[in-house]
Amino acid sequence: MKKIMLIFGTRPEAIKMCPLVRELRCREGTEVSVCVTGQHRDMLKRVLEAFGVIPDYDLSIMREGQDLFDITVNILSRIKTVLSEAAPDIVLVHGDTSTAFAAALDCFYARIDVGHIEAGLRTYDLASPYPEEFNRQAISVISKYNFAPTEAARNNLLREGRESESVFVTGNTAIDALSTTVRADFRHPLLEWAGGSRVVLLTAHRRENLGEPMRNIFHAIRRVVEQRSDVRVIYPVHPNPEIRAMARQILGGCDRIRLSEPLDVIDFHNFLSRSFMVLTDSGGIQEEAPALGKPVLVMRDTTERGEGVSSGTLKLVGTAEESVYRHFCRLLDNAEEYDAMARASNPYGDGHAAERIADILCDKMK
Ligand code: UD1
Ligand code: UDP
C-alpha cells in the first residue's frame with residue numbers, strides 16, 4: 001500500500017486540491033491522507049466543508065497579522081512531526097503559497113518525494129507576484145513529479161532543465177471544481193440586490209498590491225460606479241485587516257457597492273457565472289473566468305496566466321488609477337470590445353485533471 005499525503009493551507013489550494021483528494025480516495029492500492037497547515041482559517045474551513053473533505057492533520061498555524069516569517073517558520077517546524085509520524089511515500093503540494101513552499105522544503109529535508117500540482121506557472125519576476133514567484137520556482141527545483149496545467153507551463157519547466165519524463169500536462173483542477181459548483185437554479189440575496197444592474201465582481205488581495213496600488217484601484221472603481229447608475233459592484237473582502245480598512249474607507253458608504261465577507265466557493269463560482277465582468281488581482285479567478293466567458297481586468301503588472309490573455313478573456317491593466325478607470329469604462333461602454341472578451345474559451349483543461357493526475361501517480365507508484 002503506497003501512502004500519498006496532500007498538504008495545503010489556503011483557500012485557493014483547497015479549492016484545487018479537494019477534487020484530487022476525492023479522486024485519489026477512490027483508487028485502490030493507495031492510502032491517502034490530508035494535512036492542512038491552517039495558513040488560512042475560516043476561508044479554508046469553508047472550502048473543506050463544501051467539498052466534504054476532513055483533514056487527518058490540522059496544524060492550525062494562522063495568527064492575526066501573520067507575516068511571511070511566521071507562516072514559513074511555523075509550518076516548517078510543525079510538518080516535520082507529521083511527516084515522521086505518517087511516513088508518506090509521496091507528498092503533493094499545490095501552486096505557490098508559503099504553505100506549498102515550506103511543505104516541499106520539509107519533504108526535501110526528510111527525503112520524501114514531492115509532486116507539484118499546478119507546476120510551471122511563471123512571470124520570471126520575483127517581485128510579482130511576491131513571494132509566490134519565488135515559491136513556485138523553488139518547489140520546481142525540489143519536486144520529482146510536475147503536473148503542469150498547460151503546454152506553456154510544461155515548456156517553462158523544460159526550458160529550466162526539468163527532465164521531460166517528470167513533467168505531465170494534465171489541465172487545471174480548478175476546472176474540475178467548477179464543473180461541480182455552477183448550478184442553473186442558483187439564487188442568492190446579493191444577486192437579488194443587484195437586480196437588473198450589471199454585476200461587477202471584485203477581488204483584491206495580493207501582497208505587492210497592498211498600500212498605494214490598492215488605494216489607486218479602489219479610487220478608480222469608486223469613480224466609475226458613481227458615474228454609472230446601472231453598475232453594481234460586489235466585493236467579498238479578504239480577511240486581511242489592512243485590506244478591510246482600506247476597502248471600508250474608500251469603497252464604503254456607496255449604495256451600489258456591496259462589501260461582503262468572503263463568499264463560499266459555490267456562491268463565488270455562481271456569482272462569477274452570472275456577473276457582467278470581473279476586476280481582480282487573483283490567480284485562480286484568471287483560470288475560472290475564461291471558462292465561463294467573463295471578461296477580466298487583471299489589476300497587476302504581470303500574469304502567469306498568459307493563456308487567458310492570448311485567448312482574449314483577460315486584460316492586464318496594472319494598478320495605476322487612470323489605467324483601471326479607463327479600461328473599466330471601456331468595457332462597460334464598448335459592446336464590441338466587451339463581446340470580443342466575453343467569448344468563452346477554456347485553456348485550462350476539460351475538468352478531468354484530477355483523474356489524470358491520479359492515473360499518473362498510481363502508475364508511477366506501482
Ligand atoms: C495567501 C498566499 C497567496 C494566495 C492567498 C489566497 C502566500 C505567501 N500567499 O496570501 O498566494 O493568493 O493566500 O487568498 O502564501 N487572514 C485571516 N483569516 C483567514 C485568512 C487570512 O484573518 O481566513 C489574515 C491573516 O491572519 C493575515 C492576512 O489575512 O494577517 C494575510 O493572510 P496570509 O495567509 O498571510 O496571506 P494571503 O494574503 O492570504
Ligand atoms: N473565491 C471564493 N470566495 C471568494 C473569492 C474567491 O471561493 O469570496 C475563490 C475563487 O473562485 C478562486 C479562489 O477562491 O477559486 C481564488 O482565491 P484567491 O483569489 O484568494 O487566491 P489566488 O488564486 O490568487 O491564489
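Computed over heavy atoms, backbone and side chain alike; hydrogens, waters and symmetry mates excluded. Atoms within each ligand, like the ligands themselves, are counted from 1 in listed order.
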Peer 1: Considering non-hydrogen atoms of the protein only, which is the closest contact for atom 2 (C) of ligand 1, and what is the distance?
Peer 2: E132 OE2, 3.8 Å
Peer 1: Under 3.5 Å, N or O to N or O, is R63 touching ligand 1 that way?
Peer 2: yes
Peer 1: I'd like to know if R356 and E23 make a salt bridge, using a cut-off of under 4.0 Å between side-chain N and carboxylate O.
Peer 2: no
Peer 1: Can you tell which of Q66, M62, H40 gets a heavy atom nearest to atom 18 (N) of ligand 1?
Peer 2: M62
Peer 1: Give the numbers and elements of all ligand 1 atoms closer than 4.0 Å to a heavy atom of P131.
Peer 2: 8 (C)
Peer 1: So is R207 actually on top of Y130's ring, under 6.0 Å and inside 45° of the axis?
Peer 2: no
Peer 1: At less than 4.0 angstrom from any non-hydrogen atom of N240, what atoms of ligand 1 do you find?
Peer 2: 28 (C), 29 (O), 31 (C)
Peer 1: G65 versus ligand 1: do any nitrogen or oxygen atoms come within less than 3.5 Å of each other?
Peer 2: yes
Peer 1: Please classify the P129 to ligand 1 contact at 4.0 Å (heavy-atom distances, strictly less than): side chain, backbone, both or neither.
Peer 2: neither
Peer 1: Among all the protein's non-hydrogen atoms, which is closest to atom 36 (O) of ligand 1, and how far away is it?
Peer 2: R207 NH1, 3.3 Å
Peer 1: Please indicate whether any nitrogen or oxygen in N135 is less than 3.5 Å from any nitrogen or oxygen in ligand 1.
Peer 2: no
Peer 1: Please identify each residue that fulfils side chain to side chain contact (heavy atoms under 4.5 Å, CB included) with A204, with sequence neighbours left out.
Peer 2: M214, F218, Y235, D281
Peer 1: Please could you name the atoms of ligand 2 that G284 approaches to less than 4.0 Å, counting only its heavy atoms?
Peer 2: 22 (P), 23 (O)
Peer 1: Which bit of I71 is near ligand 1, meaning a heavy atom under 4.0 Å away: side chain, backbone, both or neither?
Peer 2: side chain
Peer 1: Going by distance only, is there an N or O of R41 that falls short of 3.5 Å from an N or O of ligand 1?
Peer 2: yes
Peer 1: Rounded to the nearest 0.5 Å, what's the gap from CG on D56 to SG on C35? Could you check?
Peer 2: 9.0 Å
Peer 1: Per the side chain to side chain contact (heavy atoms under 4.5 Å, CB included) rule, which among V278, L314, L331 passes with P295?
Peer 2: L331
Peer 1: With a 3.5 Å cut-off and sequence neighbours excluded, list the donor-acceptor pairs that the side chains of residues 163-171 form with protein atoms.
Peer 2:
unit_1 : atom_1 : unit_2 : atom_2 : d
S166   : OG     : N146   : ND2    : 3.2
S166   : OG     : E163   : O      : 2.8

Peer 1: Among V36, V53, I7, I117, which one satisfies side chain to side chain contact (heavy atoms under 4.5 Å, CB included) with M17?
Peer 2: I117
Peer 1: When you measure from the heavy atoms of L68 to every atom of ligand 1, does any distance fall below 4.0 Å?
Peer 2: yes
Peer 1: With heavy atoms of L263 as the reference, note each atom of ligand 2 found under 4.0 Å away.
Peer 2: 2 (C), 3 (N), 4 (C), 7 (O), 8 (O)
Peer 1: Below 4.0 Å, non-hydrogen atoms only: which portion of S282 touches ligand 1? Side chain, backbone, both or neither.
Peer 2: neither
Peer 1: Could you tell me whether some N/O pair between R11 and ligand 1 is separated by less than 3.5 angstrom?
Peer 2: no
Peer 1: Given Q39, R244, E13, R206, which has its nearest heavy atom closest to atom 34 (O) of ligand 1?
Peer 2: Q39
